[in-house]
Amino acid sequence: MDETSMGFQMKHSLLLDDQPRTATQTEKVAILLSTYNGAAYLAEQLDSLVAQTHTNWQIYASDDGSGDATLEILRHYQHQLGGHRLTLFEGPRQGFAANFLGTLQRQEFQAQYYAFCDQDDLWQPDRLALGIAWMRNIPDEQPALYCSRTQLVDAQGQPLGLSPLFSEAPSFRNALVQSIAGGNTMLFNQATRALLQGTDRTARIISHDWWTYILVSGCGGQVFYNPEPTIRYRQHERNLMGSNSSLNDRLKRLGQMFAGTFREWNDANLHALAPLRNLLTRDNQTTLELFEQARHASLPQRALLLQRSGVYRQTLTGNLGLAAATLLQRI
């Protein structure tokens, strides 16, 4: 047993003993936890799930082949909570996006709502309750996605600031060129799960959160972005996705754009979207057609078609970057 696994046991066992063991609200939430060598922060994250004010939840943890104490920690919590509250799966070992989407494909569980969960964050106690309060007003048959801003914290959980604040309305025209929020803040309904289950399993999905935003907004669903943080997003050297809030982060993204990474991401997203385009609303099908045409047109026509498509990013800086990408044929 390593130092990490030894250190969490007594402290977190005591915390669990103080938590409710039975659900008190009607709406069941399936918390989809993706893990891979996450022992350093996993126990703190699990404690924050247990402390949710909405208590009708079940954790479905899909581990992607951890070689540290991650599985030991998960089994400890499974023993404490009971198998009905925490279920373990073996992940596909094809990266975090495939792990999340693979969990959604499983037939072993159903819920009214679903929440993506990273292994190293800290949820605010009302993270689920806030999303459910908004989701209750959406018809069950309509895809719905709730997401939010994040509080950035360091490896020790100390505040670093906030993620960028986005004030433009969420839409498919935005989703084609930008992911509005991290999957770690997302809550969605059964109709959205059904959309995600239609994803071609051989498609390359750049990021499960961006893909979810594209599908829900494209297919006439409702998207709500809460400007108030609902999680503490831990920044450390092993983050797969950074906050994109610092000058260094933004310069890195600009460099990726010049290198063609942004165009490569769009190629992947559009390829994955092709089999599902008949599910898009008529207006969004038109937007998609104009965007695809713009990407392969000559410069004057490219700028005109992109303008007609109406695609936009959330900030002035982002839109200037989009204009530069258009000029350089990097969209």
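Values reported hereafter were calculated over all heavy atoms of this structure, with side chains retained and with hydrogens, waters and symmetry mates removed. Count residues from 1 along the sequence.
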- Query: Could you go step by step and tell me if R234 and D118 meet the salt bridge (charged side-chain N to carboxylate O under 4.0 Å, His left out) rule?
  - Reply: CA-CA 10 Å; R234 201 186 303 263; D118 292 347; over 6 Å; no
- E264 side chain to T261 side chain, donor-acceptor N/O pair below 3.5 angstrom: no
- Hey, mind stepping through I331 and V177 against side chain to side chain contact (heavy atoms under 4.5 Å, CB included) and telling me if it holds? CA-CA 8 Å; I331 57 171; V177 292; over 6 Å; no
- Message: Which label fits F100 and F116: parallel for a plane angle under 30°, tilted from 30 to 60°, or perpendicular past 60°?
- Response: perpendicular
- Here the pair of heavy atoms bringing I138 nearest to A144 is CG2-CB, 3.7 Å
- Item | Point-to-point distance, once rounded to the nearest 0.5 Å, from CZ of R313 to CG of L320 | 11.0 Å
- Approximate separation, where rounding is to 0.5 Å, of L215 CG and L196 CG: 6.0 Å
- Query: When you check the side-chain N and O atoms of Y146 and N226, is any donor under 3.5 Å from an acceptor?
  - Reply: yes
- Query: Is there side-chain contact between T192 and T212, with at least one heavy-atom pair below 4.5 Å?
  - Reply: yes
- Query: So Y233 and T185, side chain to side chain donor-acceptor pair (under 3.5 Å) or not? Walk me through it.
  - Reply: CA-CA 9 Å; Y233 181 17; T185 72; over 6 Å; no
- Measure from the side-chain N and O atoms of R302 to the backbone N and O of A297, and report whether any donor-acceptor pair falls under 3.5 Å. yes
- Note on the structure: For F291 and L306, the nearest pair of non-hydrogen atoms, with its separation, is CD1-CD1, 3.7 Å
- Query: Do the non-hydrogen side-chain atoms of Y60 and R106 ever get within less than 4.5 Å of each other?
  - Reply: no
- In terms of side-chain heavy atoms, does S207 have a donor or acceptor partner in D209 at a distance below 3.5 Å? yes
- Task: Show your working on side chain to side chain contact (heavy atoms under 4.5 Å, CB included) between T230 and W123 and close with a plain yes or no.
- Result: CA-CA 7 Å; T230 59; W123 285 13; over 6 Å; no
- Which residues satisfy the side-chain hydrogen bond (donor to acceptor under 3.5 Å, both in side chains) test with D126, sequence neighbours excluded? none
- Task: Work out which heavy atom in L162 is nearest to a heavy atom in Q151; give both atom names and the distance.
- Result: CD2-OE1, 3.6 Å
- Message: Ring of F109, cation from R193 - is the NZ or CZ under 6.0 Å from the centre and inside 45° of the axis?
- Response: yes
- Query: Hey, what do you get for CG (L279) to CG (N284), rounding to the nearest 0.5 Å?
  - Reply: 12.0 Å
- Message: Just to verify, which of L32, L33, L74 counts as forming a side chain to side chain contact (heavy atoms under 4.5 Å, CB included) with I59?
- Response: L33
- Message: Tell me the closest heavy-atom pair linking L305 and A294, and the distance in Å.
- Response: CB-CB, 3.6 Å
- With a 3.5 Å cut-off and no angle check, do the side chains of N174 and Q178 form a donor-acceptor pair? yes
- Query: salt bridge (charged side-chain N to carboxylate O under 4.0 Å, His left out) between R277 and E292: does it pass, once the steps are laid out?
  - Reply: CA-CA 12 Å; R277 65 190 306 146; E292 289 177 320; 3.2 Å; yes
- Task: Please determine which of Q58, Q78, E108 meets the side-chain hydrogen bond (donor to acceptor under 3.5 Å, both in side chains) test together with T87.
- Result: Q58
- Query: Quick one: do the Q25 and T55 side chains pair a donor with an acceptor below 3.5 Å?
  - Reply: yes
- Message: Let's go through R201 and Q94 carefully: what are the C-alpha distance in whole Å and the side-chain angles of both, what is the deciding distance for side chain to side chain contact (heavy atoms under 4.5 Å, CB included) to 0.1 Å, and is it a yes or a no?
- Response: CA-CA 11 Å; R201 297 191 185 193; Q94 296 174 5; over 6 Å; no
- Query: Which pair of non-hydrogen atoms, one from F188 and one from L145, has the smallest distance, and what is that distance?
  - Reply: CB-CD1, 4.2 Å
